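The structure appears below as structure tokens.
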There are 2 protein chains.
Amino acid sequence: MSYANDMPTQSSTDLASDLRLGCMRLARRLRTERVSDDLTLSQWAVLGSLERHGGLTVGELARVERVKPPSMTRIVNSLADAGLVVRRPHAADGRQVVVDLTEEALSLLTEDRRRRTAWLALQVAELTDDERALLARAVPLLDRLAST
Amino acid sequence: MSYANDMPTQSSTDLASDLRLGCMRLARRLRTERVSDDLTLSQWAVLGSLERHGGLTVGELARVERVKPPSMTRIVNSLADAGLVVRRPHAADGRQVVVDLTEEALSLLTEDRRRRTAWLALQVAELTDDERALLARAVPLLDRLAST
DNA sequence: TATTGTTATACTCTATAACTATA
DNA sequence: TATAGTTATAGAGTATAACAATA
């Protein structure tokens, strides 16, 4: 099926500009719907990375989060103090330290996702069936654009 | 025209979850495509607010950016030192101070937007015509979701 | 007396430099 | 000798409390 016939051809630049604004606005709105203000953005990001990738070393976390190793040590320390991560020695390299999520962190992440999604789900439920179907087709495109 | 018939019905919750992840990922990717690392996020946000709303008082800026007045005073000071904003007295209320963008700030904002959009436009150009048309229809929905 | 904005001070977060342990 | 991680110290950024000026 083709949607191109239904729409005037829009240049990539105009579309990119509109998409950028819309995406940033929605992301900003989503950020305000946090489950808790107890954790900083960096701490949340580290928890998210560990959830996505499994156990990571301090160095890997620093690289993923674009932070220097000493800063990541501090973040990991704070998360460890909060009981959200644990350190364990690397199997093959005694210099490295692997960081893992605790059960408490997993449920915190689940709860956070549930609440934030719940807000968005309310908004999505307000859309028409056609609009929801359209959005469902567009989401994979957002992922493709982001992963380049 | 209807897209609902083309798609299995997806619950609002599932769609919201997918949309949330896709939007956050793209927003994160867009954030890395800054025109400069000279300004902090707070400083950029203030410039953006002034661009959108025109001259605002220090108090209004603090409320918009969810920051305490003393912090906003500091941010405005730094932007003023950089020649990006100027202070002027409020017309009716002698206590208030209105902050305006300078010409330099306006061109900086334009340049920032151009470069960031340029990156996204490259990715968008890789899409098919159908995909671009689909995206063009979806973007207004993002705005509507964000504005609630 | 209340409100707007600023100044004084303390706390948090991150970075650079120096140090320890392992490869 | 190089690498992973930590500790020590310094530089931003923001918050609370106190102050000055205006309504």
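Proteins get letters first, then strands, A, B, ... in listed order; numbering begins at 1 in each. All values reported here derive from a predicted model rather than from experimental measurement.
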Practice prompt. Give a yes or no on this: more than 12 heavy atoms of other residues, nucleotides or ligands lie within 6.0 Å of atom CZ of Arg52(B).
Written response: yes
Worksheet entry | SB check Glu126(B) Arg144(A) (cutoff 4.0 Å) | no
Practice prompt. To the nearest Å, give me how far apart CH2 (Trp44(B)) and P (dA12(D)) are.
Written response: 19 Å
Worksheet item: Whole-Å distance between dT4(C) C1' and Leu56(B) CG?
Response: 15 Å
Discussion item. In whole Å, I'd like the distance from the CG atom of Leu39(A) to the C1' atom of dC13(C).
Written reply: 14 Å
Fill in: Protein-nucleotide distance (Arg74(B), atom CZ; dT7(C), atom P), rounded to Å
11 Å
Worksheet item: Below 4.0 angstrom, N of the basic side chain to O of the carboxylate: do Glu51(A) and Arg113(A) qualify?
Response: yes
Discussion item. Rounding to an integer number of Å, can you tell me how far Asp81(B) CG sits from dT6(C) P?
Written reply: 13 Å
Fill in: Test item: Leu47(B) and Leu109(B) side chains (from C-beta on) under 4.5 Å apart, heavy atoms
yes
Practice prompt. Would you mind reading off the distance between Leu41(B) atom CG and dT14(D) atom C1', rounded to a whole angstrom?
Written response: 14 Å
Discussion item. Nearest to the Val58(A) side chain among dG5(D), dA23(C), dT14(D), which nucleotide is it?
Written reply: dG5(D)
Discussion item. With the threshold set at under 4.0 Å for non-hydrogen atoms, list the residues of residues 65-72 of chain B touching DNA chain C in residue-number order.
Written reply: Pro69(B), Pro70(B)
Worksheet item: Taking C-beta and beyond as the side chain, do Asp129(B) and Arg132(B) meet within less than 4.5 Å on heavy atoms?
Response: yes
Worksheet item: Looking at dA21(D), dT22(C), dG5(D), which one has an atom nearest to any side-chain atom of Arg95(A)?
Response: dT22(C)
Item to complete: Kindly point out which of dT14(C), dT6(C), dA23(D) is positioned nearest to the side chain of Ser42(A)?
Response: dT14(C)
Fill in: Earlier contact from the 5' end, DNA chain C, for Ile75(A) and Arg63(B)
Arg63(B)
Response to the item:
Whole-Å distance, Asp93(B) CG to dA23(D) P, equals 6 Å
Discussion item. Keeping Ser71(A) on the side-chain end and Val67(A) on the backbone end, is there a donor-acceptor pair under 3.5 Å?
Written reply: no
Discussion item. Quick one, Ser42(A) with Glu65(A), criterion side chain to side chain donor-acceptor pair (under 3.5 Å). Give me CA distance, side-chain angles, the key distance, then yes/no.
Written reply: CA-CA 8 Å; Ser42(A) 302; Glu65(A) 301 299 334; over 6 Å; no
Discussion item. Nearest to the Gln96(A) side chain among dT22(C), dA21(D), dG5(D), which nucleotide is it?
Written reply: dG5(D)
Practice prompt. Pick base, sugar-phosphate or nothing for Arg87(A), based on heavy-atom distances below 4.0 Å to the nucleic acid.
Written response: sugar-phosphate
